[in-house]
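See structure below.
The basis for the numbers below is simple: all heavy atoms, side chains too, and nothing from hydrogens, waters or symmetry mates.
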Amino acid sequence: MSDATLATLGRNALVRSWDRASKIDPRYLIAFLITLVLVAAQLRYHMLGSYDRLMLALGVCLATEALLSWFDRGKVVNLLSAYISGISLTLLIKPQGGALWPFALGGFLAISSKYVLRYRDNHLWNPTNFAIAALLLAAPDRVSVLSHQFGNDVTTNLVIWIFGLIIAARVGVLHITLTYVASFLLLNSVRAVALGMPVLPEIAPITGPMYQLFIFFMITDPRTVVRGRNRQIVVAISIALMETMIRFASDKGWPLPTAFNAAPAIMALATVGPVAKLLDLLTLRSRSTG
């Protein structure tokens, strides 16, 4: 068998594998990625603190999803979304001391927001994003978020980014991730130059763990993104712009709630995302009734 034939067979095998992956429910791919992040975080950095946090956040998310979906729809829905929310909360929430209540309350807020804060059967906030933003606003002195706890291990981050980009491409949201990343790099470089600060420290956080969760799970949530590729790109740029404005205001010492200073990206999505989603749904309704 010639080298050309072997190369053709190899390419065909990759194409078949890619086609099979396209038939998988995107939630399973996302669940795999969030599990990979969790395993890497715990095995390499022991970042969970305790397994009580994981069990509590997961348990509350799964139980709340099961109960509310049964009450609302008469059946228990697929619990993968609740699983993703539970792990994300476990990784992102960093309470003062050994407090466990933020994981229980965060889990309840995340899942219940899908059933309460919605329009035309669409929830407006990414569940994890809403829960963390609410906790930061309500208890800024008791709750913080993940920042640089992963360290700068190149191999760990490279593995997560490779899988994240592949899965984002397979789910069809890669353009959202890349648009946000490019906007973040450009806008924060301009901000750093305008304030006379070194550029590299201002753009370095994009490679960190919080942003990995943010760009692969929050801003790309298929249930809360707007319709259409162009609109999605505009919203991603708007979120990055809002985040840069928050950071600039913080740099200037302008009075802001602690939550905005602690988690500019989280709060940018929490303010821009729901407005964009609601406008998108209102546009869809006006067209359907026009």
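Leu146 contributes atom CG, which lies 11.5 Å from atom OG1 of Thr90 (distance to the nearest 0.5 angstrom). From Tyr180, atom OH reaches atom CD1 of Ile239 across 8.0 Å, with rounding to the nearest 0.5 Å. To the nearest 0.5 Å, the span separating CG on Leu56 from CZ on Arg53 amounts to 10.5 Å. Taken from OG in Ser238 to CG in Leu269, the straight-line distance is 11.5 Å, to the nearest 0.5 Å. Atom SG of Cys61 and atom CD1 of Ile87 lie 10.0 Å apart (nearest 0.5 Å). For the atom pair Lys277 NZ and Leu282 CG, the distance stands at 11.5 Å (nearest 0.5 Å).
With a 4.5 Å cut-off between side-chain heavy atoms of Ile, Leu, Val, Met, Phe, Trp and Tyr, the cluster of Ile111 takes in Leu68, Val77, Tyr115. The other residues sharing a hydrophobic cluster with Met245 are Leu187, Leu241, where clustering joins ILVMFWY side chains under 4.5 Å apart. With a 4.5 Å cut-off between side-chain heavy atoms of Ile, Leu, Val, Met, Phe, Trp and Tyr, the cluster of Leu186 takes in Val190.
Legend: side chain to side chain donor-acceptor pair (under 3.5 Å) pairs involving residues 215-225, not counting sequence neighbours, sorted by first then second residue: Asn126-Asp221, Asp221-Thr224. Within the structure, the salt bridge (Lys or Arg N to Asp or Glu O under 4.0 Å) test picks out no pair touching residues 123-137 (sequence neighbours left out). Pairs passing the side chain to side chain donor-acceptor pair (under 3.5 Å) check and including a residue from residues 68-86, sequence neighbours excluded, read Thr35-Tyr83, Asp72-Arg118, Ser81-Lys114.
Phe184 is linked by a ring pair (Phe, Tyr, Trp, His ring centres under 6.0 Å) to Tyr211, counting only residues two or more places apart in sequence or in another chain. Residues forming a side chain to side chain contact (heavy atoms under 4.5 Å, CB included) with Ala262 (at least two apart in sequence, or on another chain): none. Qualifying side chain to side chain contact (heavy atoms under 4.5 Å, CB included) partners for Ser189, counting only residues two or more places apart in sequence or in other chains: Val199, Ile203.
Under the 4.5 Å side-chain heavy-atom criterion for grouping Ile, Leu, Val, Met, Phe, Trp and Tyr, Ile34 is connected to Leu36 within one hydrophobic cluster.
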Show me the donor-acceptor pairs within less than 3.5 Å that the side chains of residues 251-259 make with the rest of the protein, sequence neighbours left out.
from	atom 1	to	atom 2	distance (Å)
Asp251	OD2	Arg191	NE	2.7
Asp251	OD2	Arg191	NH2	3.0

Compile the donor-acceptor pairs under 3.5 Å between side chains in residues 172-179 and protein atoms, sequence neighbours left out, one pair per line.
from	atom 1	to	atom 2	distance (Å)
His175	NE2	Gln232	OE1	2.5
Thr177	OG1	Ile215	O	3.0
Thr179	OG1	His175	O	2.6

Which pairs of donor and acceptor atoms, one on a side chain in residues 98-110, lie under 3.5 Å apart (sequence neighbours left out)?
none

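Considering only heavy atoms from C-beta on, Thr128 comes within 4.5 Å of Leu92 through its side chain. The shortest distance between side-chain heavy atoms of Leu124 and Val275 does not fall below 4.5 Å. Contact annotation: the side chain of Asn129 never approaches that of Phe217 to less than 4.5 Å [non-hydrogen atoms, C-beta and beyond].
One N or O on the side chain of Thr271 and one on the backbone of Ala268 form a donor-acceptor pair closer than 3.5 Å. One N or O on the side chain of Trp125 and one on the backbone of Ala270 form a donor-acceptor pair closer than 3.5 Å. Distance alone, capped at 3.5 Å, is enough to place a donor-acceptor pair between the Arg227 side chain and the Asp280 backbone. One N or O on the side chain of Gln212 and one on the backbone of Thr207 form a donor-acceptor pair closer than 3.5 Å.
Between Phe163 and Phe216, the ring center distance fails the sub-6.0 Å criterion.
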